[in-house]
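Notes to accompany the following structure.
Here the structure is a predicted model, which is why all the values come from computation and not from measurement.
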Amino acid sequence: SYTGHIPVGTFPGRDDVWKEMTIRNTSAEQFQQEFECEFLGSVNTLISASKLKTIPYMDAIKSSGNVDIFENPVPNHIYICTVDVARGVDKDYSAFVVFDVTALPFRIVAKYRSNDIKPFVFPNIIEKVCSGYNKAHILTEVNDIGQQISEALQYEIEYDHLLMTTQKGRAGQILGAMFSGRGSSLGVRMTKQIKRIGCANIKTLVEGDKLVINDWNIIQEMSTFIKKGQSWEAEQGCNDDLMMCCVIFGWLSNQPFFKELSNMNARMQMYSDQKNLIEQDMSPFGFVDNGIDSPDDDIVDEYGTKWFPATNIYNDKKFDYGRKKTYEL
């Protein structure tokens, strides 16, 4: 029996009108799975299945240990590395991803993933790779073992370009550079707010073609990164360590310090790219008063005399009643 894609219109009554009504009553993803046999990606993935199947990837130009290199360092380019740390007990992976943020679209140029690396050794691997990429700026997740990694980079290895955050009350965590003070942290603490913003931003970057993925492992994790309750995480039996590096980058990409660092505002660039379409959707917008026509029929009488709301000439307060006739002096 044939289980592949069957074109719309093959069966009586199932034409484009039927397809449109079915999608309207359900969703595009559900229609693709039930009628077009499209099963790339789990149900309710953060990145849409239609986008996942079009993302190109490439083989690493160099692999050493657990490091995959997709692009060699370029002089004067700006690189950022985001780090997600595991306990090194063969369950989750410790991972980091290096991004080229010199220009849009951003590009993933290197990645590391290992489930047996020990926290004592991990900082040295991060430092070695990031130093090769023009002393890339590093942002580490510090919820658990990550605090130990960032402290090793700061105090033992003395890495110069470690990004920090500071707590600003209701504003949450704010990205910054090497500074100290009350509420400062040697990385970003993953909270519900940070994860929600990061997921929303990375979805926008990927689906808006503002981030070149390159890596097949990251695409695989995207296809199993699903909604659970009010949050997003890997489905059971899958991993999301590389994806969490991307989520951290998503949060970072809209921070004021990042925009100053890279001289790149992804949100404004995306608005500029779609400006014409947005303006078309919003038009007509605004009102023009030619001094003759009026939305109120009683403003101009049958003799062509224009009337205005009555005004108190002593204190410039408008009355709630009556109108007064205007005369030329």
Side-chain angles (χ1 to χ4, degrees), residues 1-58 104-108 192 195-238 240 242-243 246-247 249-251 253-254 266-287:
S1 62
Y2 179 74
T3 58
H5 170 66
I6 301 176
V8 172
T10 302
F11 298 103
R14 296 197 171 187
D15 52 11
D16 290 333
V17 176
W18 166 82
K19 177 180 179 180
E20 182 180 349
M21 292 183 62
T22 304
I23 293 176
R24 189 182 304 168
N25 294 330
T26 56
S27 67
E29 291 78 8
Q30 186 173 342
F31 182 88
Q32 290 171 353
Q33 292 181 358
E34 293 186 3
F35 298 102
E36 295 185 345
C37 300
E38 294 284 352
F39 294 101
L40 178 61
S42 304
V43 178
N44 293 328
T45 52
L46 176 64
I47 310 300
S48 66
S50 58
K51 181 61 181 178
L52 286 172
K53 67 182 181 181
T54 63
I55 297 178
Y57 63 92
M58 60 183 291
L104 282 173
F106 304 134
R107 309 179 67 86
I108 292 177
K192 292 181 179 179
K195 190 173 185 179
R196 182 173 62 252
I197 295 173
C199 287
N201 289 351
I202 199 65
K203 178 179 177 67
T204 302
L205 290 173
V206 173
E207 296 184 356
D209 296 323
K210 301 304 180 184
L211 175 62
V212 179
I213 303 297
N214 287 331
D215 182 57
W216 170 245
N217 294 126
I218 296 178
I219 298 174
Q220 281 184 316
E221 291 193 5
M222 286 181 173
S223 67
T224 57
F225 194 69
I226 62 175
K227 189 174 183 63
K228 287 192 177 180
Q230 299 298 316
S231 185
W232 301 87
E233 59 185 64
E235 65 181 10
Q236 189 173 1
C238 301
D240 60 3
L242 289 169
M243 185 62 193
C246 294
V247 170
F249 177 78
W251 172 79
S253 66
N254 202 36
R267 185 181 65 82
M268 291 304 297
Q269 183 64 45
M270 293 184 71
Y271 171 75
S272 178
D273 294 343
Q274 303 180 27
K275 183 177 180 181
N276 292 334
L277 293 176
I278 294 174
E279 290 179 348
Q280 289 175 10
D281 291 339
M282 294 178 63
S283 63
F285 181 78
F287 304 92

dist Ile108:CD1 -> Leu211:CG (nearest 0.5 Å) comes out at 5.0 Å
Query raised in the report: Taking the six-membered ring for Trp, are Trp216 and Tyr57 parallel (under 30°), tilted (30 to 60°) or perpendicular (over 60°)?
Result: tilted
What one should report as the nearest heavy-atom pair of Ala234 and Lys228 is O-NZ, 3.6 Å
Donor-acceptor under 3.5 Å (Ser223 side chain, Gln220 main chain): yes
| Between Phe249 and Leu205, does a side chain to side chain contact (heavy atoms under 4.5 Å, CB included) hold up when you go through it step by step? | CA-CA 10 Å; Phe249 177 78; Leu205 290 173; 4.1 Å; yes
Residues Cys199 and Phe225: closest non-hydrogen pair is SG-CE2, 4.0 Å
Contacts of Asp215 meeting side-chain hydrogen bond (donor to acceptor under 3.5 Å, both in side chains) (sequence neighbours excluded), chain-then-number -> Lys111
Residues at least two apart in sequence or cross-chain that pass salt bridge (charged side-chain N to carboxylate O under 4.0 Å, His left out) with Lys203, listed by chain then number, are Glu207
- Please confirm whether the backbone N or O of Lys227 pairs with a side-chain atom of Asn44, one donor and one acceptor, at under 3.5 Å? no
With sequence neighbours left out, the residues meeting side chain to side chain contact (heavy atoms under 4.5 Å, CB included) with Ile197 are Gln193, Asn201, Trp251
Practice task
Using atom types as modelled and distance alone, determine if a side-chain donor or acceptor of Lys210 lies under 3.5 Å from a backbone N or O of Thr204.
Solution key: no
Close side-chain approach of Asp240 and Glu233, heavy atoms under 4.5 Å = yes
One should read off an interatomic distance between Ile55 CD1 and Lys51 NZ, to the nearest 0.5 angstrom, of 6.0 Å
Is the shortest side-chain heavy-atom distance between Ile202 and Met243 below 4.5 Å? yes
